[in-house]
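Notes to accompany the following structure.
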Amino acid sequence: MKSLALISVVITGWLLLSAVGDFPYWGDPNSPANSYRLSQHFVTETFHETAVPNMVTAVLADYRGYDTMFETVVIFTAGIAIISILRVFRSDDQVASGQTVYEKRPDLIVDTTCRLMIPIIQLFALYVIAHGHHSPGGGFQGGVIFGASFILIALSRDLQAAHKWVPENRVLNLAGIGILIYAGFGLVAMFLGQNFLDYAILHKVMPATPIEARYHSMLGVEIGVAFTVTAIMYSIYSNLVSKGTMKEGL
Amino acid sequence: MIINTVCIVLVLLGIIFFVGGAVGIVRFPDFYTRMHAAGKGDTMSVFMVLVGLAVYQLSDFTLANLLIAGKILFITIFIMWASPTSTHALIKAGLEEGQKVWTRNDKKETEDEQ
């Protein structure tokens, strides 16, 4: 049995390695990815067309914004799926939801450190979201960091303590609002007579030139993505850790 | 030249602390002493390596490099907060879970077995 596994591993490895030999060299200017005119266009024209120095963000949120919108929907769907599988409702939910009960006092050292760090984490998350145009970052990464700050509250104290800031219905509203913000930018562009998610036309409703309108719309959709990712991250965590009861976590 | 030397010394000291922490995790007898080694190693060695890198950034003194050094120092402060706290939380969790503390009697027993 073991030798069979070894043989299959060796054959798979050989297949993968032989495929590596057919790859173009690293940074080869004649490789299909580099010689195709679309990638040339992205590299040379992104800054002139959108005023965004980080072309990854421009491609993600503008040129293929439709794809990113449905990536956000995928995250939303994943969160809804986890809630629908795990969440259990009991008859005593109404009694327990109003009050916060600490079973044990939060640890002093952990509590103090988290009190110091959580604002910094949240500030850094906002920086990552807003600075996605100029450096690595954006809605997905910033949203995960922001969600992690709420998870840290739940870890360092109790799930109920985190619920005071982010109750369950508010989390789900936030997740939906994120996608609505994203789709809203597309719809406004549609109403102004352009294609869905064609941001340049938004200069009619923004005090900006068409190029700047693309820049600012990208920031807007990143914020929408961040809303959804934050909410779904926290929702997945709280459902998994409390086995769907939302009462007490770790 | 002087800055390079300071940087090399700091990074080397950090690596020595890392090795000490790694050896401690393997060699120490129980959960608490192992966590002690891990916490000390991670906090001090990461601090030294990162300060060394921040000093190295300053060898070419411009505003951009100063900003990078500041960012590295922020990471350092963050780790100086987070690492001891996580060690503390882990040890407290181990205590509540009922991990046994290593004593002299345990040492005698292990020597007898050998």
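In what follows, chains are A, B, ... by sequence order, proteins preceding strands, each numbered from 1.
Other residues, nucleotides and ligands contribute over 12 non-hydrogen atoms within 6.0 Å of the CZ atom of A/Phe140. At most 12 non-hydrogen atoms from other residues, nucleotides or ligands lie less than 6.0 angstrom from CZ of A/Phe227. When the shell of 6.0 Å around CD1 of B/Ile2 is examined, it contains 12 or fewer heavy atoms from other residues, nucleotides or ligands.
You'll find the side chain of A/Thr112 stays beyond 4.5 Å of the side chain of B/Trp81, heavy atoms only. With contacts defined as side-chain heavy-atom distances shorter than 4.5 Å, the pair B/Phe78/A/Leu116 does not qualify.
Residue A/Leu152 does not touch chain B at all, counting heavy-atom pairs closer than 4.5 Å.
Taking all atoms of both residues into account, the shortest heavy-atom contact from B/Thr85 to A/Thr113 is OG1-OG1, 3.1 Å.
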